[in-house]
2 protein chains.
Amino acid sequence: MGNQKLYKGSLQTIILKLLESNDKMYGYEITQHVKELTKGELQITEGALYPALHKLEADGLLDVEVAKVGNRLRKYYKLTENGTKETANKLAEMQEFLKTMQHLVNPKFSLE
Amino acid sequence: MGNQKLYKGSLQTIILKLLESNDKMYGYEITQHVKELTKGELQITEGALYPALHKLEADGLLDVEVAKVGNRLRKYYKLTENGTKETANKLAEMQEFLKTMQHLVNPKFSLE
DNA sequence: ATTTTATACCTAAGATTTCTATGCATCAAA
DNA sequence: TTTGATGCATAGAAATCTTAGGTATAAAAT
């Protein structure tokens, strides 16, 4: 709660990037991972995460594998072949955006 | 058309930043400015821009001044006092986000 | 022993932002 | 005289995220 610094579309990219680095992960794991990696900067809410995972799966970018750990369910997600390609695209897009915004926002460049 | 996607909330920040640098601007001018500054990377659509300007005005961050140039209307927007403060906040937030995403997305850091 | 916290999944309602598609009007250039 | 650029605007749809719940297991704290 209370983070709100996510920008539209960035969640998908974050998920895909994590799965590119980690082969397979489950939802809760993703939220914890992002929290740690960003030192609490970004908090992925579950209300955003799970629908996003379902959409990525529906779009054919992720595969699911259900595992039972003790008496509890876990849904492991991993990139499909197509998902791997799309990850590369999204990452390139994001980097372009970051570069552009860096330039726009950087105080060194006052925009004339 | 066919440009990159804007990320949620970034348009507001872009507008505010431009007005911080330029004192006053009108809508169409903003779209052209962004297009030039980003070499066509970012295209602000008018369907996004005008509602955004109206919202910033309604929120008390911008003032409007209508000017007549020839026989044509122009609405010049400029930061209010409050708008100047909020601009600083939004810019700081954006920079935090850029830094965080840079870190998440940078291929040099494979996320473990 | 029981309450709280952490783990683990989920959805629905609403707000917000942006995109697409239009519309109107002025003016310069082809 | 038609096209393209300038300049404003809105309506409907798509996409994403927040808020606010819900269910359930397991560990830790009281």
Side-chain angles (χ1 to χ4, degrees), chain A residues 1-16 24-36 41-59 61-62 64-77 86 90 93-94 97 101, chain B residues 1-16 24-36 40-59 61-62 64-77 90 93-94 97 101:
Chain A
M1 214 188 271
N3 64 316
Q4 80 195 164
K5 321 225 144 142
L6 265 185
Y7 288 78
K8 175 182 173 184
S10 56
L11 179 55
Q12 270 202 14
T13 305
I14 291 170
I15 294 172
L16 292 173
K24 70 176 187 178
M25 300 183 82
Y26 56 99
Y28 187 77
E29 192 183 10
I30 291 175
T31 65
Q32 300 308 302
H33 229 79
V34 170
K35 205 201 285 188
E36 281 166 32
E41 263 296 307
L42 291 186
Q43 308 253 16
I44 307 300
T45 64
E46 299 187 330
L49 178 69
Y50 289 112
L53 286 172
H54 299 161
K55 186 185 190 320
L56 287 169
E57 190 198 348
D59 290 348
L61 305 188
L62 300 185
V64 195
E65 181 197 327
V66 180
K68 220 174 172 193
V69 179
N71 233 343
R72 237 187 231 151
L73 275 189
R74 273 186 198 168
K75 291 195 170 176
Y76 281 99
Y77 291 90
E86 258 305 291
K90 297 255 189 206
E93 243 176 54
M94 175 59 81
F97 174 77
M101 284 306 295
Chain B
M1 230 175 281
N3 59 320
Q4 298 302 57
K5 306 244 144 121
L6 275 182
Y7 287 77
K8 178 181 170 183
S10 55
L11 178 55
Q12 270 202 13
T13 306
I14 290 170
I15 293 171
L16 293 173
K24 70 175 186 176
M25 299 182 82
Y26 56 98
Y28 188 76
E29 191 183 9
I30 291 175
T31 64
Q32 300 309 303
H33 229 81
V34 170
K35 206 201 286 188
E36 281 165 32
E41 263 297 307
L42 290 187
Q43 308 253 15
I44 308 299
T45 64
E46 300 186 328
L49 177 68
Y50 289 112
L53 286 171
H54 300 161
K55 186 184 189 320
L56 288 169
E57 190 198 347
D59 290 348
L61 305 188
L62 300 185
V64 195
E65 180 198 327
V66 180
K68 221 176 170 191
V69 178
N71 231 343
R72 236 187 230 150
L73 276 187
R74 273 186 198 166
K75 291 195 171 176
Y76 279 100
Y77 290 91
K90 296 257 188 205
E93 243 177 52
M94 175 59 81
F97 173 76
M101 284 306 296

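Below, chain A is the first sequence line, B the second, and so on; all start at residue 1.
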Out of [options], which nucleotide sits closest to the side chain of [X]?
X: R72(B); options: dT17(C), dT18(D), dG7(D); result: dG7(D)
X: H54(B); options: dC17(D), dT17(C), dT10(D); result: dT10(D)
X: K8(A); options: dT6(D), dT17(C), dT19(D); result: dT17(C)
X: Y50(A); options: dT18(C), dA8(C), dC8(D); result: dA8(C)
X: E46(B); options: dA8(C), dC8(D), dG7(D); result: dC8(D)
X: A48(B); options: dC19(C), dT10(D), dA6(C); result: dC19(C)

When the distance from [atom1] of [X] to [atom2] of [N] is rounded to whole Å, what number comes out?
X: E29(B); N: dG7(D); atom1: CD; atom2: C1'; result: 12 Å
X: L56(A); N: dC17(D); atom1: CG; atom2: P; result: 10 Å
X: Y76(B); N: dT6(D); atom1: OH; atom2: P; result: 14 Å
X: K55(A); N: dT16(D); atom1: NZ; atom2: C1'; result: 10 Å
X: Q32(B); N: dC8(D); atom1: CD; atom2: P; result: 11 Å
X: M25(A); N: dC9(C); atom1: CE; atom2: C1'; result: 16 Å
X: L6(B); N: dC19(C); atom1: CG; atom2: C1'; result: 10 Å
X: Y28(A); N: dT25(D); atom1: OH; atom2: P; result: 17 Å

Using heavy-atom distances to pick each residue's nearest nucleotide on DNA chain D, tell me which of L49(A) and L53(B) is more 5'.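 By nearest-heavy-atom nucleotide position, the 5'-most residue is L53(B).
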Within the pair K75(B) and dA9(D), is there a side-chain N or O less than 4.0 Å away from OP1 or OP2?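 Checking K75(B) against dA9(D): at least one side-chain N or O falls below 4.0 Å of OP1 or OP2.
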When you measure from the side-chain N and O atoms of T45(A) to the phosphate of dC17(D), is any distance below 4.0 Å, counting only OP1 and OP2?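 No, outside the criterion.
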Could you grab the distance from atom CD1 of I44(A) to atom CG of L11(A), nearest 0.5 Å is fine?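 Taking CD1 in I44(A) and CG in L11(A), the distance rounds to 5.0 Å.
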Could you pull out the closest heavy-atom pair between K8(A) and L6(B), with the gap in Å?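 Scanning both residues, the minimum pair turns out to be CD-O, 4.3 Å.
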Quick check: closest heavy atoms across Y77(A) and H54(A), and the distance to 0.1 Å? OH-CD2, 3.7 Å
Restricting to ring-ring contact (aromatic ring centres under 6.0 Å, His included), what partner residues turn up for Y28(A), sequence neighbours left out?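 Y28(A): no ring-ring contact (aromatic ring centres under 6.0 Å, His included) contacts found.
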Answer with base, sugar-phosphate or nothing: what part of the nucleic acid does [X] contact at a heavy-atom distance below 4.0 Å?
X: S10(B); answer: sugar-phosphate
X: G47(A); answer: base
X: Y7(B); answer: sugar-phosphate

Using 30° and 60° as the class boundaries, would you call the ring planes of F97(B) and Y7(A) parallel, tilted or perpendicular? tilted
